[in-house]
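Chain letters run A, B, ... following the sequence lines, proteins first, then strands; residues in each count from 1.
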2 protein chains.
Amino acid sequence: MLIEATGRDTASLFAALGDRTRLSLLTKLSDGKTRSIAGLSAGTDLTRQAVTKHLRVLEEAGLVISSKVGRESQFAFRPEPIDEIRAYLDSVSQQWGDALSRLQAFVET
Amino acid sequence: MLIEATGRDTASLFAALGDRTRLSLLTKLSDGKTRSIAGLSAGTDLTRQAVTKHLRVLEEAGLVISSKVGRESQFAFRPEPIDEIRAYLDSVSQQWGDALSRLQAFVET
DNA sequence: CATAAGGGCAACCTCCGGGTTGCCCTTACT
DNA sequence: AGTAAGGGCAACCCGGAGGTTGCCCTTATG
């Protein structure tokens, strides 16, 4: 199936990563440890609410998953969407590589 | 780490890719062929101006480069930033991988 | 030369994203 | 029991992103 170049929600995935705060949250969580909202807000100059909103964005993008444990909700990294991004990058750079090859073949002919 | 002039931070790179229109423009250009603004606007329901703005964003992110040829400005794909994105993804999934390894080691102990 | 094609610039509009504050509910702790 | 900690919800503010329109300049093309 020759996918349409721009995968359905690839853009929203990139968009979810297109924010320093979210990128930082995701980086923290990428160590596999689970963290609460308060835990993730600590050390930040942001409000809990702000962090909450960012986490929701990450969750809707599938980059993070949450579950309530007692009175707090624990967030965990979810690596699957990363592969989708890699797939897009690969498709783009493969096209580019092909173009280079053809160019080189042309020059060498 | 010295940042190259055209190099932006990772978040803005992701942000530049976090838009369907830009993603589509970039995908078209990733075949290595050069295109004018009018050429990229054709077939789109967008105004030339809209496309121009998007191209500027892509250019500031270093994902595209432009040069004036006669009365038109030609845009070309620029693959370097893609590597920066890959680097981030790798760092994140490596941390994740390490976490999995430690977990497995713990279980097997 | 006259005119169309390709673009740049600037003003303007609308809407959403990031962030805050205030209030209230539930869960833990002593 | 009483209180503090963790969070959800909703309202609100502000700035910038995406898009348009209008005008003008430059370069091709007849």
Q: Whole angstrom is fine here: how far is it from NZ in B:Lys53 over to P in C:dC12?
A: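 To the nearest whole Å, that distance equals 13 Å.
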Q: Whole Å only: how far is the CD atom of B:Glu59 from the P atom of C:dG7?
A: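 From B:Glu59 CD to C:dG7 P: 13 Å.
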Q: For A:Ala50, is there any backbone N or O sitting under 3.5 Å from a side-chain donor or acceptor partner on A:Thr47?
A: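 Here the side-chain-to-backbone pair does not exist.
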Q: Roughly, in whole Å, what's the span from CZ in A:Arg56 to P in D:dG8?
A: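 These atoms are roughly 6 Å apart.
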Q: From C:dG7, C:dT20, D:dT20, pick the nucleotide closest to the side chain of A:Ala50?
A: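 Side chain of A:Ala50 sits closest to C:dT20.
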Q: Would you mind reading off the distance between A:Leu55 atom CG and C:dG18 atom C1', rounded to a whole angstrom?
A: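 Atom-to-atom, A:Leu55 to C:dG18, this comes out as 14 Å.
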Q: Let me know the distance between CD of A:Gln74 and C1' of D:dA5, rounded to the nearest Å.
A: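 About 14 Å, once rounded to whole Å.
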Q: Please report the shortest heavy-atom distance between B:Val64 and B:Arg78, naming the atom on each side.
A: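 Taking B:Val64 first and B:Arg78 second, the nearest heavy atoms are N-CB, 3.9 Å.
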Q: From the list C:dA28, C:dA5, C:dG8, which nucleotide is the closest neighbour of the side chain of B:Lys68?
A: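 Out of C:dA28, C:dA5, C:dG8, the nucleotide with an atom closest to B:Lys68's side chain is C:dG8.
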Q: Got a second to check how far A:Glu84's CD is from A:Thr10's OG1, nearest 0.5 Å?
A: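 These two atoms lie 4.5 Å from each other.
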Q: Counting only side-chain nitrogens and oxygens, does B:His54 get under 4.0 Å of the OP1 or OP2 atom of D:dA17?
A: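 No, B:His54 has no side-chain N/O under 4.0 Å of OP1/OP2 on D:dA17.
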Q: Quick check for you: among C:dG6, D:dG6, C:dA11, whose closest atom lies nearest to any side-chain atom of A:Arg71?
A: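 Output: D:dG6.
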Q: Locate the shortest heavy-atom distance separating B:His54 from B:Thr21; write the atom from each residue and the value.
A: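 The pair with the smallest heavy-atom distance is CD2-CG2, 3.6 Å.
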Q: Heavy atoms within less than 4.0 Å of DNA chain C: which residues of residues 22-44 of chain A have one? Give them sorted by number.
A: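 Nucleic-acid contacts, sorted: A:Arg22.
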Q: Report yes or no: does A:Arg22 contribute a side-chain atom to a donor-acceptor pair with the main-chain N or O of A:Ala15 at less than 3.5 Å?
A: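 Side chain of A:Arg22 to backbone of A:Ala15, a donor-acceptor pair under 3.5 Å: yes, one is there.
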Q: Hey, could you give me the OG/CG distance between B:Ser12 and A:Leu23, rounded to the nearest 0.5 Å?
A: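 Reported value, rounded in 0.5 Å steps: 9.5 Å.
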Q: What's the separation between atom CG in A:Asp31 and atom CZ in A:Phe77, rounded to the nearest 0.5 Å?
A: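 Reported value, rounded in 0.5 Å steps: 10.0 Å.
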Q: Calculate, to the nearest 0.5 Å, the distance between atoms CD1 and CG belonging to A:Ile82 and A:Leu13 respectively.
A: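 Answer for the CD1-CG pair, A:Ile82 versus A:Leu13, is 8.0 Å.
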Q: Given atom CG of A:Leu58 and atom P of C:dG17, what is their separation to the nearest angstrom?
A: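 Taking atom P of C:dG17 as the reference, CG of A:Leu58 is at 14 Å.
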Q: Rounded to whole angstroms, how far apart are CD on B:Glu72 and P on C:dG8?
A: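 Spelled out: CD on B:Glu72 to P on C:dG8 is 11 Å.
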Q: Enumerate the protein-to-nucleotides 21-25 of chain C contacts in which both atoms are nitrogen or oxygen and the separation is below 3.5 Å.
A:
none

Q: Verify, without hydrogens or angle tests, whether A:Arg35 (side chain) and A:Lys28 (backbone) share a donor-acceptor contact under 3.5 angstrom.
A: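 Present.
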Q: Using a cut-off of less than 4.0 Å, is there contact between a side-chain N or O of A:Ser73 and OP1 or OP2 of D:dG6?
A: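 No, outside the criterion.
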Q: In this structure, how many angstroms lie between the C1' atom of C:dG17 and the CD atom of A:Glu60, rounded?
A: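 So the CD-C1' distance, A:Glu60 to C:dG17, works out to 13 Å.
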